[in-house]
Amino acid sequence: MDKLYIICVDDQREVLNALTEDLEVFENHVKIEECESVKEAWDVMEEVDNEGDYVALLITDQVMPNNTGVDLLKKLSADIRFGATKTILLTGQATHKDTIEAINSAHLNHYIEKPWKKDDLHATIKTLITQFVLDKGLEYQSYMDILDQSVLLNNLRKTT
Amino acid sequence: MEDKVSFNWVKQEFFSDENKKLYVKKGEVLLDPQHKNTRLFLVTKGKFLGYLSDAEIGNYPVFEASENKFIGVYSYFSDDHYSYSKVVAVEDSEVYYYDKVREAHTPEEMQRLSQFHISIVVNELYARQYFAKKMAQERHNDSQRLLKAEKMSTLGQMAAGVAHELNNSIGVIDGSMGRLAEFINKCVDSHGDHHLRDVFETGKKGQEISSEEARTIRKQYEKIKGLTDGQIRKLSKTGIPANEVIKTLQKDPSAADRINEFWEMGCTLHDMEIAANHSTHVVRSVKQLGVTEHQWSKDVSINHTISEAMVILKNLTKRVKTTVFLDEYIPNTEACPGQLVQVWINLVKNGIESMLSSQTEDPQIRIASGHDAKNIIITVTDNGPGIPEDIKQRIFEPSFTTKVDGLNFGLGLGLAVVQRIVTEHDAVIEVNSEPGHTEFTVKIPLIS
């Protein structure tokens, strides 16, 4: 089974802890990486790719020292290796301008405002991971537990 | 002839008769709207102000005249010879005068006099215009200041209102969390397993391992069979030495979840405590904006206020190397202790946060007290990136902040609050900053 990764980026350790605790339900099928800076996240993603594994989803905060979440998203969207990677901007402080930039220049998939609701977050992640698995043409049966059934069904209907 | 009508000629010719010299003491009235005036005065020493009287707003100034300026131009030239304003000396002054109803002159002299009149009128026009412009400018500045002050006070009141509302809820959260922590502590204490108790205590210090370090530690756990990815990820960030954990796991392979749970329980308590402390601090800072009265005392130990601030900042100061040096011979002084605590909190917090957000290597903060014959001197020093020259002037402005993340880093009110409190203590605050060394110095005067 191919290894899928969810990369979480937030400079505040407490927030990162709270976030990964909420992601535990996915952990049987997906690997979770915690990163405290944009640079660290980039290094980890490159490593994942070098290993031949997949960065399925990037969840990033916006306001961080040095580089912002939008910086990371732009870099990611410009990199062919991560063409299928889904993205979530999880933030309380993104300005209108940041958000527009994230959508227009970095093809952001989803925007979630802090504080997040666990159920919403789960639903969004499920949808995005399902899309990733389908986009990549991966063997979806092995991830069944964490996939969004309706997205899957819709897709099956289209292809058959 | 033209050059003869110079100011000096006028002065020489018409305003130099010692018999027509007056001494006017400070506060004495030179002209009064009630009295006829046929004289033109030239000030040779001192200063006068001309006032208009208004029933509603009282006397207000309309012109001023100092050395080499004329007074009484209007009444001198007008038909009825009444002055429209009251002219009062604001300093002990000397004037020479020329009286319209004096003896006749030769025709040549009369011509010169008319030229002199023109020069006076032009001069007067210029002076009035200048004064009007100056007054308009001042009024404009005043109204701008007033507008700004009003805006700030409205903002302050609003903020204080919000802070008051939040204060109660945060108080409840903070208090309940404390009780919950005690209860959990008790439960864990009565738990037979000493090892898990230690794990819990380690968790209560918060996560000290960076995500990068955790990734290195993880490699050691990946060699152990039977651990899930999630278990490994969590064990790696507990900060408990991997060889210890691995030994435990060898005895009891099912211990991984329990270790993670106990560590997480401790760490969650720690994170909640940090969040609650931070909220309390923010709320308190905001409340300061709207509050004008505080408990002042004549017998305040400055060192005590510093210690108190350091207690509140305990969690933050853990993240950098912190030194506190207190001069124990500082005499007590008159101050508002609650406010001073705010000052130290803000200065230390600022320093630490600037170092953390810029990822300063080996971050250090030092707060020290000392005194000389006149002042108590408190310095807060950090080795962070320093304050850029171009923003140094603005750091004490209420709306100024370089911190973009409002939640994490206060509200950008910190230094404005500091400035206000310092001023209220007749104290001064100075900042000296270069990369690697930033020092705030507060000097509080000793009461003699």
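Numbered from 1 within each chain, the chains take letters A, B, ... in sequence-line order.
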**Request:** With a 4.5 angstrom heavy-atom cut-off, could you sort out which part of A:Val44 is near chain B: side chain, backbone, both or neither?
**Result:** side chain
**Message:** Check whether B:Arg233 reaches the backbone of A:Glu33 with its side chain - one donor and one acceptor, N or O, closer than 3.5 Å.
**Reply:** no
**Message:** Does this structure show an ion pair linking A:Glu24 with B:Lys234, if we count only N-O contacts that are shorter than 4.0 Å?
**Reply:** yes
**Asked** Can you tell me if A:Glu14 uses its side chain to pair, donor with acceptor, with the backbone of B:Ile274 under 3.5 Å?
**Response** no
**Fill in**
Rounded to the nearest 0.5 angstrom, the CZ-CG distance for A:Phe26 and B:Asp229 is 15.0 Å
**Item:** Heavy atoms from other residues, nucleotides or ligands near CD of B:Glu213 exceed 12 (cutoff 6.0 Å)
**Value:** yes
**Message:** Would you compute the distance between atom SG of B:Cys267 and atom CG of A:Asn17 and round it to the nearest 0.5 angstrom?
**Reply:** 5.0 Å
**Asked** Given the rule in the side chain to side chain donor-acceptor pair (under 3.5 Å) test, do A:Glu27 and B:Thr228 qualify, once you have shown the distances and angles that lead to the verdict?
**Response** CA-CA 9 Å; A:Glu27 214 161 12; B:Thr228 67; over 6 Å; no
**Request:** Looking only at non-hydrogen atoms, find the nearest pair between B:Arg215 and A:Cys35 and report the distance.
**Result:** NH2-SG, 3.5 Å
**Request:** Might you confirm whether atom CD of B:Glu361 has over 12 heavy atoms from other residues, nucleotides or ligands at distances under 6.0 Å?
**Result:** no
**Asked** With a 4.5 angstrom heavy-atom cut-off, which part of B:Ile209 approaches chain A: side chain, backbone, both or neither?
**Response** backbone
**Item:** Shortest non-hydrogen contact between B:Arg218 and A:Ile32, atoms and distance
**Value:** NH1-O, 4.4 Å
**Fill in**
So CZ of A:Arg13 and CD of B:Gln207: to nearest 0.5 Å the spacing works out to 5.0 Å
**Message:** If only side-chain N and O atoms count, and only distance matters, is there a donor-acceptor pair under 3.5 Å linking B:Ser210 with A:Glu36?
**Reply:** no
**Message:** Are B:Glu264 and A:Glu21 packed together at the side-chain level, in the sense that at least one heavy-atom pair is separated by less than 4.5 angstrom?
**Reply:** yes
**Message:** Please evaluate residues A:Glu34 and B:Lys237 with respect to the criterion salt bridge (charged side-chain N to carboxylate O under 4.0 Å, His left out), reporting the C-alpha separation (whole Å), side-chain torsions for both, the decisive distance (0.1 Å), and the verdict.
**Reply:** CA-CA 10 Å; A:Glu34 301 168 46; B:Lys237 58 183 186 183; 2.9 Å; yes
